[in-house]
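One is the number of the first residue; the rest follow in order along the sequence.
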Amino acid sequence: MMDANRREPRGVVYVATGRRHLDEMVQSVSSLRKHMPRLPVLLYTDQKEIPRGVFDAIRTIENPCHSFMDKIAPLCDSPFDCTLFLDTDTLVCAPIDDLFDVLERFDLAVTHAPFRHDRPFSTPICFAELNTGVIAYRNTESVRTMFRLWLAIYEKEVADTGKMDSDQPAFRAALYQSSDVAPYVLPTEYNLRTVMPAAIGRGKVRIIHGRASDLDAVADRINASGKIRVFVPDIWHLVSAHFGVLGTGGRFLSKVLDCLIRPWIFLEAHLRPIKRRLISKR
């Protein structure tokens, strides 16, 4: 367990408000523990009934908005010198010590977002959006100031438009304005978003980020090869992933689709070795 009076050098932070994110977060933490068992894990949440033995420490979020806004303030309050923030819908597929190692040289490490929003930006177009579901950062005053600016820009955007669809445009603007924060852009392998096709290098995919019941199967399929490859989500995966965030009805439809998808996943996994042997004989 974490010592409340001692600052830890490295650790992971999760933020979950509302009940529906807890189950997928437990899966994420389990995958993290498999590869990084000694890394302390801290949860910020408004929920009272949390499974025992999953987290090293839990901190309460008062008056949550149940939106992306809830995650920003806790990042400023991390007890770790170097912090890895993970969204609840992530799956850790391999050790990720190097995410902390890169913070010896940079203040912040993130990947590009797989798509861009169509709203006007205060930054050059080439300064593209970054995905905020996986963030490694040094807990410095400069980074915390940037996070507070991110929150302020996002709050103003929500007040002006009434939309809470994404915190990433605000993050983009805040990072561009923070000249004293040195960012590093990670390769796809450290935040593979399953909502869009993605090119992957020769290295193992370390973190998969998306909603579906078959993320373990996706990880096995991708990491079966050490070659340069392309991940292309199938239509069922996309539909299932997006239905899963639409409340109770959406989650019911997602489960129905999962039941339809699972036989195909099972069949495809068992036919793959046969397909490889046939191709190799040609």
Side-chain angles (χ1 to χ4, degrees), residues 11-37 39 41-59 61 64-72 74-75 84-94 96 111 113-114 131-135 164-168 190-196 205-222 231 233-234 236-262 265:
V12 176
V13 166
Y14 285 87
V15 180
T17 54
R19 189 72 198 174
R20 69 187 180 91
H21 294 297
L22 284 180
D23 291 341
E24 66 181 10
M25 182 173 55
V26 170
Q27 179 187 23
S28 178
V29 177
S30 297
S31 70
L32 172 69
R33 298 286 196 196
K34 179 179 178 181
H35 300 286
M36 306 286 291
L39 201 60
V41 181
L42 168 63
L43 169 64
Y44 288 85
T45 185
D46 63 334
Q47 297 298 296
K48 304 300 182 184
E49 297 180 6
I50 307 297
R52 290 189 175 187
V54 177
F55 302 96
D56 296 290
I58 299 172
R59 295 183 178 179
I61 295 179
C65 301
H66 298 286
S67 73
F68 294 114
M69 205 172 291
D70 292 332
K71 83 182 185 186
I72 304 175
L75 301 186
L84 174 62
F85 166 76
L86 292 175
D87 264 356
T88 58
D89 58 335
T90 53
L91 185 81
V92 179
C93 310
I96 48 176
T111 61
N131 184 268
T132 59
V134 177
I135 307 174
M164 297 185 184
D165 58 333
S166 179
D167 59 312
Q168 290 175 180
Y190 289 83
N191 187 0
L192 177 65
R193 298 289 283 114
T194 60
V195 295
M196 295 284 281
V205 171
R206 306 284 170 151
I207 301 173
I208 292 180
H209 182 186
R211 285 187 170 91
S213 63
D214 64 330
L215 284 186
D216 285 305
V218 171
D220 291 341
R221 187 161 66 247
I222 292 172
F231 168 75
D234 58 68
W236 292 108
H237 185 109
L238 292 177
V239 172
S240 174
H242 289 293
F243 271 139
V245 300
L246 298 179
T248 303
R251 289 196 296 278
F252 172 76
L253 290 173
S254 180
K255 289 180 179 179
V256 171
L257 286 170
D258 284 343
C259 291
L260 296 174
I261 294 168
R262 281 182 183 277
I265 294 172

Using the side-chain contact (heavy atoms from CB on, under 4.5 Å) rule, take I96 and I207 through it: C-alpha gap first, then chi angles, then the decisive distance, then the call. CA-CA 9 Å; I96 48 176; I207 301 173; 4.3 Å; yes
Would you check, one step at a time, whether the test side-chain contact (heavy atoms from CB on, under 4.5 Å) holds for V15 with L43? CA-CA 6 Å; V15 180; L43 169 64; over 6 Å; no
Under the side-chain contact (heavy atoms from CB on, under 4.5 Å) rule, what do L84 and V134 come out as? Steps first, then yes or no, please. CA-CA 7 Å; L84 174 62; V134 177; 4.1 Å; yes
Begin with the C-alpha distance, continue with both residues' side-chain angles, and end with the deciding distance and a verdict on side-chain contact (heavy atoms from CB on, under 4.5 Å) for V41 and M36. CA-CA 10 Å; V41 181; M36 306 286 291; over 6 Å; no
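We find the NE2-CZ distance between H35 and R206 to be 9.5 Å, quoted to the nearest 0.5 Å. Taken from CG in N191 to OG1 in T90, the straight-line distance is 8.5 Å, to the nearest 0.5 Å. In this structure, CG on D23 lies 9.0 Å from CE on M25, to the nearest 0.5 angstrom. A distance of 8.5 Å separates CD1 of I135 from CD1 of I72, quoted to the nearest 0.5 Å. To the nearest 0.5 Å, atoms OG1 (T194) and CD1 (I208) are separated by 8.0 Å. Here the CG atom belonging to L215 is positioned 8.0 Å from the SG atom belonging to C93, to the nearest 0.5 angstrom.
V195 is not listed as a side-chain neighbour of P233, based on a closest heavy-atom distance of 4.5 Å or more. Contact annotation: the side chain of L86 never approaches that of V13 to less than 4.5 Å [non-hydrogen atoms, C-beta and beyond]. When side chains are defined from C-beta on, K71 counts as touching T132, because their heavy atoms get closer than 4.5 Å.
The nearest pair of heavy atoms linking L42 to I58 is CD1-N, 4.1 Å. When all heavy atoms are compared, the tightest approach of F68 to D165 is CE1-O, 3.2 Å. In terms of heavy atoms, S67 sits closest to M164 at CB-SD, 3.3 Å. In terms of heavy-atom proximity, L75 sits nearest to F85 at CD2-CD1, 3.6 Å. In terms of heavy-atom proximity, F231 sits nearest to R193 at CE2-O, 4.2 Å. Across C65 and M69, no two heavy atoms sit closer than the pair SG-SD, 4.1 Å.
Here the side chain of K34 pairs no donor or acceptor atom with the backbone of V29 at under 3.5 angstrom. With hydrogens and angles ignored, the 3.5 Å screen pairs a side-chain donor or acceptor of S30 with a backbone N or O of V26. Judged by distance alone, the side chain of S28 and the main-chain N or O of L91 form no donor-acceptor pair under 3.5 Å.
Shown here are the salt bridge (charged side-chain N to carboxylate O under 4.0 Å, His left out) partners of R33, two or more places apart in sequence or in another chain: D56. Under the salt bridge (charged side-chain N to carboxylate O under 4.0 Å, His left out) criterion, D70 pairs with no residue, sequence neighbours left out. With sequence neighbours excluded, the residues that form a side-chain contact (heavy atoms from CB on, under 4.5 Å) with D46 are T17, P64, H66. Remark: T88 engages E24 in a side-chain hydrogen bond (donor to acceptor under 3.5 Å, both in side chains) (not counting sequence neighbours). D87 is linked by a side-chain hydrogen bond (donor to acceptor under 3.5 Å, both in side chains) to H209, counting only residues two or more places apart in sequence or in another chain. For Y190, the side-chain hydrogen bond (donor to acceptor under 3.5 Å, both in side chains) criterion is met by D98, not counting sequence neighbours. For Q168, the side-chain hydrogen bond (donor to acceptor under 3.5 Å, both in side chains) partners are N131, not counting sequence neighbours.
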